[in-house]
Amino acid sequence: MNPGVRVRPAARADAAAIYRLCAAVDATGAAAPPRYHRPELPGHLYAGPYLAASPGLTFVADVDGVAGYVAAVADTARFADWAERCWWPRLRRRYPLTPDPHDGTRDHALVAAIHAGSGPRRPWHDSHPAHLHIKVAARAQGRGCGRRLMGTVLGALHRRGVPGVHLGVAEANRKAVTFYFALGFTEAHRHPWGRTLVLDLPEWRQTCATW
């Protein structure tokens with residue numbers, strides 16, 4: 001255990017730091033230059049709704065400030081219903097659909113995702129109903145932050161009786177794919193952009209002592 005890393009439940013005061021982290025770390029898991037005119041957009045997709053809907057399943061890695069976070073929900077279908085009622089409508093009003101300005105920014109793609117919403121129900125939602133997002137700042141990678149964040153949130157989901165969890169990972173993020181496989185995740189589906197991976201939580205709980 002790295003004594004310089006403290007994993008704790010996220011507080012409301014952490015929201016701004018988590019949003020900044022969402023904009024600073026790209027889909028490959030690496031630090032990326034700004035690609036947004038409105039840098040709050042990634043946080044609106046990958047952090048804000050989780051803090052609002054399921055604050056007890058959001059955790060941060062504190063390394064002289066927030067250096068990583070993980071946010072989960074126990075039931076993806078219920079979360080999707082909640083988001084359609086309570087989260088997406090105001091964002092759709094605030095951010096109308098716009099075309100690609102061809103200037104290297106990604107605002108238009110994230111706005112399109114906001115308007116698309118949570119997407120259809122998928123086969124793995126029944127067996128692995130929870131899902132999560134995790135990001136770790138470049139300055140904290142290699143220090144065990146990701147592993148500790150994952151252990152914390154998976155343990156919290158298991159204590160709630162959740163049978164399994166799924167997540168999406170970009171194919172370009174080879175380090176993350178290897179990391180998740182090492183934790184026990186398996187592939188459920190291959191997409192043009194990457195993979196959906198799943199983990200059986202009772203089986204994980206039996207082996208996590210080896211972490």
Residues two or more places apart in sequence or in another chain: which of them pass salt bridge (Lys or Arg N to Asp or Glu O under 4.0 Å) with Arg38?
->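 Scan of Arg38 (salt bridge (Lys or Arg N to Asp or Glu O under 4.0 Å), adjacent residues dropped) gives Glu40.
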
According to the interplanar angle, ranging from 0 to 90°, do the rings of Phe79 and Tyr50 count as parallel (below 30°), tilted (30 to 60°) or perpendicular (above 60°)?
-> parallel

Are the side chains of [X] and [Y] in touch, meaning some heavy atoms are under 4.5 Å apart?
| X | Y | answer |
| --- | --- | --- |
| Leu183 | Arg147 | yes |
| Val198 | Ser127 | no |
| Leu110 | Leu45 | yes |
| Pro99 | His108 | no |
| Pro163 | Asp200 | no |
| Leu201 | Leu154 | yes |

In chain order, what residues pass the side chain to side chain donor-acceptor pair (under 3.5 Å) check against [X], with sequence neighbours excluded?
| X | value |
| --- | --- |
| His125 | none |
| Arg121 | Asp126 |
| Arg190 | Glu187 |
| Arg106 | none |

Going by the salt bridge (Lys or Arg N to Asp or Glu O under 4.0 Å) test, which pairs reach into residues 79-92, not counting sequence neighbours?
->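 Every pair satisfying salt bridge (Lys or Arg N to Asp or Glu O under 4.0 Å) with a residue in residues 79-92: Glu84-Arg92.
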
Pairwise salt bridge (Lys or Arg N to Asp or Glu O under 4.0 Å) hits with a residue in residues 161-171, at least two apart |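 Checked against salt bridge (Lys or Arg N to Asp or Glu O under 4.0 Å) - neighbours excluded - the pairs reaching residues 161-171 are Glu171-Arg174, Glu171-Arg195.
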
Residue pair [X] / [Y]: nearest heavy atoms and the distance that separates them:
| X | Y | value |
| --- | --- | --- |
| Ile18 | Ala47 | CG2-CB, 3.5 Å |
| Phe59 | Ala156 | CZ-CB, 4.1 Å |
| Leu149 | Ala61 | CD2-N, 3.7 Å |
| Asp14 | Val66 | OD1-CG2, 3.8 Å |
| Ala23 | Pro39 | CB-O, 3.4 Å |
| Trp204 | Gly151 | CH2-O, 3.9 Å |

Under the ring pair (Phe, Tyr, Trp, His ring centres under 6.0 Å) test, residues paired with [X] that sit two or more places apart:
| X | result |
| --- | --- |
| His189 | Trp124, His191 |
| Phe185 | Tyr180 |
| His37 | none |

Using 0.5 Å steps for rounding, measure from the [atom1] atom of [X] to the [atom2] atom of [Y].
| X | Y | atom1 | atom2 | answer |
| --- | --- | --- | --- | --- |
| Leu21 | Lys135 | CG | NZ | 7.5 Å |
| Leu167 | Thr196 | CG | OG1 | 8.0 Å |
| Leu41 | Arg94 | CG | CZ | 8.0 Å |
| Glu203 | Thr186 | CD | OG1 | 8.5 Å |
| Ser118 | Trp82 | OG | CH2 | 9.5 Å |
| Leu132 | Leu157 | CG | CG | 7.5 Å |

Check the pair Val25 / Val136 against side-chain contact (heavy atoms from CB on, under 4.5 Å), numbers first and verdict last.
-> CA-CA 7 Å; Val25 179; Val136 177; over 6 Å; no

Do any pairs count as a side chain to side chain donor-acceptor pair (under 3.5 Å) and have a residue in residues 65-77, sequence neighbours left out, and if so which ones?
-> Thr76-His131

Could you note down all residue pairs passing side chain to side chain donor-acceptor pair (under 3.5 Å) where residues 55-68 supplies at least one of them, sequence neighbours left out?
-> Arg8-Asp62

Using the side-chain contact (heavy atoms from CB on, under 4.5 Å) rule, take Arg148 and Val5 through it: C-alpha gap first, then chi angles, then the decisive distance, then the call.
-> CA-CA 9 Å; Arg148 291 187 59 190; Val5 178; 3.6 Å; yes

Side chain Asn173, main chain Ala170, donor-acceptor under 3.5 Å =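 Pair absent, no side-chain N/O of Asn173 close to backbone of Ala170.
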
Could you please spell out the steps behind the side-chain contact (heavy atoms from CB on, under 4.5 Å) verdict for Val165 and His128?
-> CA-CA 5 Å; Val165 60; His128 300 81; 5.7 Å; no

Shared hydrophobic cluster, Ile134 / Trp193 (ILVMFWY, side-chain heavy atoms < 4.5 Å) =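 Cluster IDs for Ile134 and Trp193 differ.
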
Can you find a side-chain donor-acceptor pair between Tyr19 and His44 that sits under 3.5 Å?
->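 Yes, His44 and Tyr19 have a side-chain donor paired with an acceptor closer than 3.5 Å.
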
What do the steps show when you test Thr98 against Asp107 for side-chain contact (heavy atoms from CB on, under 4.5 Å), and what is the final call?
-> CA-CA 9 Å; Thr98 56; Asp107 299 59; 5.8 Å; no

